[in-house]
Amino acid sequence: MMRGHPVYAQMGTTIFEHMSGLSRELGAINLGQGFPDDAYAADNALTVGLQDAAARALRERSSQYPPSTGVPALREAVAGFYSGRGLALTPAQVIVTSGATEAIAAAVLALVQPGDEVILFAPAYDAYAPLVLRCGGVPVFVPLQPPAWQLDEAAIRAAITPRTRAIMLNDPLNPLGTVASSKDFAMLAAICIEHDLIAICDEVWEGVRFDGITHASLISQPGMAGRTVKIGSAGKLFGLTGWKIGWMVAEASLATLLTRAHQFLTFTTPPALQWAIAEGLRYSDELFAAQHRQWAQSRARLGGGLRAAGYVVEDNQATWFLCIDLAASGVTLSDAEFAERAVREAGVASIPISALYEGSAAPRNYLRLCFTKPDAQIDEAVDRLAMLRNKVI
Ligand code: GLN
């Protein structure tokens with residue numbers, strides 16, 4: 001390979017791209033990368049309304065550079081959306097990004113200096129560690145332990161050194177769909193304040209919670225407002241992942257710093273999509289509730305089908321994902337082996353959780369499946385996975 005930065009020279013394609021690529025090539029059902037199938041989204045009034053709004057904006061409004069921090073209408077709408085949900089914000093605190101992944105990159109670029117240690121939890125979204133490394137930082141992983149995957153105060157404290165600069169928290173957690181408790185938030189806030197840490201909070205799943213669990217954020221904890229970057233995603237809130245509209249929210253001086261990193265990363269984000277999302281954030285609670293019912297039904301359908309097929313499915317409280325415990329389901333193959341066989345032999349793409357760990361300490365028995373798909377696809381995928389289980393156990 002061409003000489004380049006060692007972080008990239010030693011890296012493969014992301015597991016999401018790998019599985020979606022195989023899925024396209026083999027014509028498999030794609031329960032790997034997290035996105036709603038287009039046919040599924042077509043049954044969702046919220047998504048359809050936004051597609052109309054974007055088409056209108058494309059035809060009738062400007063196609064030229066919007067302000068780097070986002071169109072005013074969207075910054076206002078994001079601030080209004082959160083203010084209506086208990087987090088008072090001004091539009092000046094909102095920076096629109098090209099997806100949450102760009103927001104994460106901008107936050108790490110703005111805040112991590114060479115030698116800084118950053119606490120990450122494992123499993124973690126695969127972008128975190130390479131970004132920290134690319135900035136010369138040192139990712140320090142604190143593993144979450146199955147079956148509860150809870151934040152462990154002693155393990156976090158043991159990972160902190162005088163060089164620790166930041167903590168990255170994904171809550172709700174992809175891939176397990178667990179949600180931090182109010183005790184966890186108080187504990188994390190106390191640690192951040194005590195050690196003068198910044199919290200980079202990836203909250204893209206904030207709108208995808210089940211069983212009546214409401215979202216909370218570290219940014220709302222006493223003493224945390226000035227040291228937290230809260231990251232959100234329209235892709236997840238509205239099931240429009242390809243639009244790549246995200247945002248970061250922070251107090252004024254932190255927000256200014258973040259805008260400096262963002263202005264030389266993507267600079268800005270397509271305006272028509274921003275105007276559409278600005279409309280969407282003002283949609284009625286009933287439209288959000290209808291979308292939520294659709295997700296909840298699909299979650300129950302996939303979970304019920306997999307359990308009936310003999311799989312042990314982990315409890316989840318959030319996200320579009322259910323995770324199977326392969327070992328508990330009688331499957332002795334590793335998650336990576338099972339995922340490869342599932343896509344090639346059974347025609348179902350999935351994500352092996354070990355791909356979301358760095359190093360060798362990963363559990364090798366969990367498989368993630370995305371459920372935002374039409375009923376017929378879910379049922380067919382369950383039948384195929386049932387057959388594969390019978391073949392391999
Ligand atoms: N967040 C998405 C997921 O977990 C993946 C995004 C990506 O493919 N980069 O499926």
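Index from 1, following the sequence. We count ligands from 1, going down the list as the structure has it; atoms in each ligand are counted the same way.
Ionic pairing of Lys230 and Glu251 is not present here: no N-O contact between side-chain nitrogen and carboxylate oxygen is shorter than 4.0 angstrom. A salt bridge does not link Glu25 with Arg344: every distance from a Lys NZ or Arg NE/NH1/NH2 to an Asp or Glu carboxylate oxygen is 4.0 Å or more. Under a 4.0 Å N-O distance rule, the pair Arg384/Glu380 qualifies as a salt bridge.
Close contacts of ligand 1 with Gln33, meaning ligand atoms under 4.0 Å from a residue heavy atom, involve 7 (C), 8 (O), 10 (O). Each of the atoms 3 (C), 4 (O) of ligand 1 lies under 4.0 Å from some heavy atom of Asn174.
With a 4.0 Å cut-off on non-hydrogen atoms, Arg368 touches ligand 1 through its side chain and not its backbone. Of all the heavy atoms of Phe35, none lies under 4.0 Å from any atom of ligand 1, so neither backbone nor side chain is involved. Counting heavy atoms under 4.0 Å from ligand 1, residue Lys236 touches it through the side chain alone.
Atom-to-atom distance recorded for Arg368:CZ and Thr319:OG1 is 7.5 Å, nearest 0.5 angstrom.
Some N or O of Gly34 is nearer than 3.5 Å to an N or O of ligand 1, by distance alone.
In this structure, the protein non-hydrogen atom closest to atom 6 (C) of ligand 1 is Tyr125 OH, 3.5 Å.
Between Phe81 and Trp247, the gap from one ring centroid to the other reaches at least 6.0 Å.
Ser20 and Asn30 form a side-chain donor-acceptor contact under 3.5 Å, judged by distance and modelled atom types alone.
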